[in-house]
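Notes follow the structure.
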Amino acid sequence: MASALYISTRKGLMIYRRKANAWTHDGTHFLGSNASLLLPSADGQTLIAALNLGHFGVKMHRSRNGGKTWEEFDAPKYPAVEGGETDDKAPALKGVWALEWADPKNPNALWCGTAPGGLFYSPDLGATWTMNKDLWDLPERQKWMGGGTEHPALHSICVDPRDAQRIAIAVSCGGVRVTNDGGKTWEVGAKGMRAAFMPPDMQFDPDVQDPHMMVQSPSSPNVYWTQHHNGIFRSTDGLKSWHEITTAPVSSFGFAVAVHPKNADVAWFVPAKKDEDRFPVDGNMIVTRTSDGGKTFDVLKKGLPQGNAFDLIYRHGLAIDDTGNQLAMGSTTGALWTSDDGGESWQLISAHLPPIYAVRMN
Amino acid sequence: MVQVHFTSHLRHVAPGGAVTASGSNIREVLADVFARHPAVKGYVLDDQGRVRVHIAVFLDNEHIRRDILDHPVRADSELYVMQALSGG
């Protein structure tokens with residue numbers, strides 16, 4: 001059962017704690033700053049926060065005491081290129097799009113996914129960063145492109161619970177890549193995905209796919225779920241192939257996905273009207289849940305606004321605890337909901353937060 | 001010596017008040033400041049050493065918009081490093 005919620009918003013990082021069976025606001029950090037992502041340790045003591053300041057770039061902060069104090073450290077840097085100072089195209093960090101713990105044997109090891117299309121490793125809580133050049137130098141990376149933003153964004157990092165050397169990443173737009181040797185070689189992991197936004201003969205090109213968010217089943221690690229720009233996809237063979245799930249009701253467009261920690265057939269999505277509109281279909285906020293691997297879906301709406309709702313849940317805006325019963329989600333219009341019954345019913349925690357980018361719980 | 005001022009929004013990393021620095025152009029003047037106040041560098045320059053897009057640089061009351069770092073300075077110049085309104 002989770003006891004803390006970390007809400008990254010346009011105006012700061014809010015922490016909520018579970019007290020007397022209710023979620024209570026327990027402090028706002030970086031007030032006024034654009035907090036884009038947060039990674040908590042399992043015990044909630046170590047927190048890694050990413051900010052994206054409008055004027056001053058991406059900044060990162062760590063706490064070793066659950067948020068009582070913070071220290072700034074250097075964000076990942078793209079390698080300087082010759083003549084880069086006068087070259088508008090030379091890469092520079094535009095955003096932190098993914099943060100994950102990298103190694104159960106090293107509690108200080110981090111993976112960081114970035115825009116444009118970068119993956120960085122730190123063995124020491126961000127004191128040093130190394131770009132994964134093997135991924136960056138892939139010739140196919142030249143086919144990657146921005147999806148919703150100017151630059152391709154590496155937003156999903158799945159570290160295999162069986163072997164931390166096996167890592168899968170997903171990129172908007174650049175498909176899925178997987179490594180079995182800690183990042184030295186990267187194989188295609190997006191076969192079967194379909195990109196309707198491409199010319200007909202290029203729609204199944206794995207390197208141009210737009211997975212919005214990818215998650216790996218902790219209990220059956222060969223199973224992955226993806227909320228893709230074009231719908232919902234599932235892999236049951238460890239990323240050798242994907243198949244499209246076409247049975248989702250209302251809409252299969254969205255950004256977020258969560259998988260049950262103990263049952264790979266159970267997954268949640270938050271649909272929206274595709275794809276330029278990006279708000280709940282007919283203004284009715286719903287969550288869809290499958291319990292049978294995508295054969296059928298439930299539409300869950302108890303406690304969610306029906307009519308004239310414009311809440312969109314971004315890719316990191318849906319979180320699940322380690323029991324699979326508790327969920328939390330935060331919207332672009334500043335609403336925060338939690339559920340204690342697997343999404344059957346939702347409780348509004350606040351309707352007045354800034355736009356929410358990311359929700360984590362532990 | 002050039003007088004360098006930073007926007008108050010950088011007060012947690014930049015020197016308080018004006019700081020003196022030397023150099024023949026803005027690049028050298030800023031490098032002199034960054035050598036003594038390294039934390040401010042990443043707030044003003046990006047990974048490639050370019051002035052961040054939403055930083056506004058004023059030299060002797062002139063808004064320098066192009067080839068900022070190469071722009072020559074006088075020994076008695078006054079340099080302001082501000083945040084541009086374009087950055088939100």
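Here the structure is a predicted model, which is why all the values come from computation and not from measurement. Here is the naming used below: chain letters follow the sequence lines, and residue numbers restart at 1 for every chain. Values below: all heavy atoms of this structure, side chains included; hydrogens, waters and symmetry mates excluded.
Within 6.0 Å of NZ in Lys77(A) there are 12 or fewer heavy atoms belonging to other residues, nucleotides or ligands. Shown here is His352(A), whose NE2 atom has no more than 12 heavy atoms of other residues, nucleotides or ligands within 6.0 Å. The 12-atom threshold is not exceeded at CG of Asn61(B), counting heavy atoms of other residues, nucleotides or ligands nearer than 6.0 Å. Heavy-atom contacts from other residues, nucleotides or ligands closer than 6.0 Å to OH of Tyr314(A) number 12 or fewer. More than 12 heavy atoms of other shown residues, nucleotides or ligands fall within 6.0 angstrom of atom CD in Gln45(A).
Of the two parts of Pro91(A), the backbone and the side chain both hold a non-hydrogen atom closer than 4.5 Å to a non-hydrogen atom of chain B. Contact of Leu45(B) with chain A is not made at all, since no heavy-atom distance falls under 4.5 Å. The contact between Asp87(A) and chain B is made entirely by backbone atoms, counting heavy-atom distances below 4.5 Å.
Using a 4.5 Å heavy-atom threshold, the side chains of Phe56(A) and Val44(B) count as separate. Counting heavy atoms from C-beta on, the side chains of His55(A) and Tyr43(B) never come closer than 4.5 Å.
For the atom pair Asp74(A) CG and Lys41(B) NZ, the distance stands at 10.5 Å (nearest 0.5 Å). In this structure, CG on Leu53(A) lies 9.0 Å from CZ on Arg52(B), to the nearest 0.5 angstrom.
Each of Arg50(B), Gln48(B), Arg27(B) was checked for a side chain to side chain donor-acceptor pair (under 3.5 Å) with Glu85(A), and the lone residue meeting it is Arg27(B).
Nearest heavy-atom pair, Leu93(A) versus Asp47(B), reported as atom, atom and distance to 0.1 Å: N-OD2, 3.0 Å.
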